[in-house]
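Basis for what follows: all heavy atoms, side chains included, without hydrogens, waters or symmetry-related copies. Reminder, nothing fancy here: chain letters follow the sequence lines and each chain counts from 1.
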There are 2 protein chains.
Amino acid sequence: MTPARSRRPSAPTRTERGIPEATVARLPVYLRALTALSDGGIATASSEDLATAAGVNSAKLRKDLSYLGSYGTRGVGYDVEYLRYQIAREIGVTQDWAVVIVGIGNLGHALANYSGFGTRGFRIVALLDADPDLVGEQIGDMEVRDIAELEDIVKTDRVSIGVITTPAGPAQEVCDRLVTAGVTSILNFAPVVLSVPAGVDIRKVDLSIELQILAYHEQRKSGEAALPPVPELPTMNGLPDLPSVGGGVGA
Amino acid sequence: MTPARSRRPSAPTRTERGIPEATVARLPVYLRALTALSDGGIATASSEDLATAAGVNSAKLRKDLSYLGSYGTRGVGYDVEYLRYQIAREIGVTQDWAVVIVGIGNLGHALANYSGFGTRGFRIVALLDADPDLVGEQIGDMEVRDIAELEDIVKTDRVSIGVITTPAGPAQEVCDRLVTAGVTSILNFAPVVLSVPAGVDIRKVDLSIELQILAYHEQRKSGEAALPPVPELPTMNGLPDLPSVGGGVGA
DNA sequence: TAGATTGTTAATCGATTAACAATC
DNA sequence: TAGATTGTTAATCGATTAACAATC
């Protein structure tokens with residue numbers, strides 16, 4: 001143990017004026033909770049009230065809000081409207097982001113119809129598909145357009161967010177085209193790992209992965225006693241050249 | 001600093017034979033990558049190969065797999081089929097889980113049609129809706145049934161997973177009914193925080209939250225220079241009794 | 001003033017990562 | 001054997017939480 005061990009004291013974790021990722025992911029939840037309180041006619045709320053509405057504990061909520069500034073009043077709480085605006089501004093939904101949806105199958109259809117598209121803050125500027133039978137179809141007040149128009153639309157409408165609801169196959173190509181055209185954020189519903197250059201953000205929504213995570217825990221509830229601890233060898237069709245197995249399942 | 005400070009040495013983090021949550025969330029990704037490799041006729045893969053296919057780094061992948069046991073061969077790699085089976089078994093998708101979908105709007109429709117429902121491992125046993133106009137409608141090989149049948153179906157078919165695709169309003173009530181009937185895992189697409197008793201797992205998929213997280217980062221890319229650092233007072237309609245403001249946005 | 005509640009500190013916990021000994 | 005690659009250790013990093021001084 002060296003005497004003056006320079007253990008950098010609680011590094012800032014986030015870049016200047018940046019906010020920890022875990023906090024960023026919760027800000028939209030707080031925003032929604034505040035909107036609900038506001039709609040309910042509530043003008044002031046304590047961190048405890050807000051935390052309950054958002055489904056987190058109050059210590060976490062106060063810590064999260066502290067990254068934005070000091071928007072509360074000791075002994076009183078937070079002004080709902082004021083805090084709501086501050087969070088909306090911090091997230092960036094006081095402006096409107098142009099969005100395209102690529103792949104108008106069942107899911108693309110559903111998203112296109114999604115009224116309000118979350119809250120405000122986003123504007124769907126085009127629905128694109130490669131299928132000529134779909135092109136021209138009317139969905140709400142929009143018409144499905146040919147994917148050939150992708151580049152034009154992204155450039156003309158300054159689209160920054162692309163939503164991919166194609167099958168797995170074409171997803172990477174669609175992604176590449178979006179990025180090349182200038183899109184810098186992607187929300188991917190296709191069941192594939194997409195690669196994007198640095199500077200492009202990507203988030204993934206995956207039904208089957210969510211279900212599998214639930215299944216894991218489910219198995220550990222009901223199953224516990226019913227399941228065999230571990231089969232030495234799986235009984236699957238054809239398991240060519242097992243790597244000398246060894247059976248045991250670790251400690 | 002007390003001399004013999006008992007700093008519990010690297011606590012096991014997980015309950016006996018449990019696996020860290022972050023790892024559990026990645027197992028389905030590995031499973032999909034292995035399936036893709038397998039379909040591509042690849043029999044053996046190194047942690048590096050697998051990590052690339054799954055979009056993580058190889059150290060993390062090896063650490064994750066080490067929680068399951070020792071299924072690789074030093075100097076060689078992993079047998080794709082063997083590892084795939086072991087992960088599938090660990091997750092619990094070698095058996096079939098009965099699922100109900102409640103709320104057959106656009107999104108419920110899309111999920112009902114979702115071919116294969118992920119991979120295998122899940123079986124949709126019913127589509128439920130409260131709207132009499134929807135009840136009886138045929139979707140694929142299933143018919144929409146009345147939500148009044150919820151309790152019967154959950155009990156009869158031993159449903160353990162419920163998918164909620166209703167609007168926000170009825171979501172908590174639907175959730176309560178599912179849980180009371182015996183469902184112990186919920187996948188929630190409704191934009192509300194649901195409360196469930198201990199022992200019930202809940203996961204949430206939320207389009208508008210995902211978009212807002214992207215917007216936050218988007219704002220920090222293009223915006224940096226264009227956006228004012230911070231307005232002292234927001235210009236929103238009616239900001240009743242601001243809590244003595246103070247303006248400053250923290251350090 | 002007394003009571004309430006924020007904003008912050010510090011301890012702890014959990015996740016990631018690099019490095020390398022073990023071993024095929 | 002020499003080369004390759006796993007499984008594991010230990011360091012670091014990031015997130016959570018409880019507690020409480022500051023202060024309205």
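Base-pairing analysis of DNA chain D finds the following stems of at least three consecutive Watson-Crick or G-U pairs, with both pairing distances under 3.5 Å: C:3-24 with D:3-24.
Atom-to-atom, CD1 of B/I19 to P of C/dG14 comes out at 16 Å; the value is rounded to the nearest Å. Between the C1' atom of C/dA15 and the NZ atom of B/K60 lies a distance of 8 Å, rounded to the nearest Å. Atom CG of A/N57 and atom P of D/dA15 are 16 Å apart (whole Å). Between the P atom of C/dT16 and the CD atom of A/E21 lies a distance of 13 Å, rounded to the nearest Å.
Remark: A/R62 engages no residue in a salt bridge (charged side-chain N to carboxylate O under 4.0 Å, His left out) (not counting sequence neighbours). With sequence neighbours left out, the salt bridge (charged side-chain N to carboxylate O under 4.0 Å, His left out) criterion links B/R203 to A/E210. Checked against side chain to side chain contact (heavy atoms under 4.5 Å, CB included), A/K63 has the following partners two or more places apart in sequence or in another chain: A/Y67. For A/K60, the salt bridge (charged side-chain N to carboxylate O under 4.0 Å, His left out) criterion is met by no residue, not counting sequence neighbours. A search for side chain to side chain contact (heavy atoms under 4.5 Å, CB included) contacts involving A/E173 returns A/R177, not counting sequence neighbours. Judged as a salt bridge (charged side-chain N to carboxylate O under 4.0 Å, His left out), and not counting sequence neighbours, B/D49 has no contacts.
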Validation: residues 160-170 of chain A side-chain donor-acceptor distances under 3.5 Å, sequence neighbours left out:
residue: A/T165; atom: OG1; partner: A/V102; partner atom: O; Å: 3.0
residue: A/T165; atom: OG1; partner: A/G103; partner atom: O; Å: 2.5

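Side-chain contact check for A/D64 and A/T23: at least one donor-acceptor pair (N or O, by modelled atom type) lies under 3.5 Å.
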Using a 4.0 Å heavy-atom cut-off to protein, can you give one letter per nucleotide of nucleotides 3-10 of chain D, 5' to 3': B if the base is in contact, S if only the sugar-phosphate is, - if neither? -BBBBBBB
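Distance from the side chain of A/A22 is smallest to D/dA15 among D/dT17, D/dA15, C/dA15.
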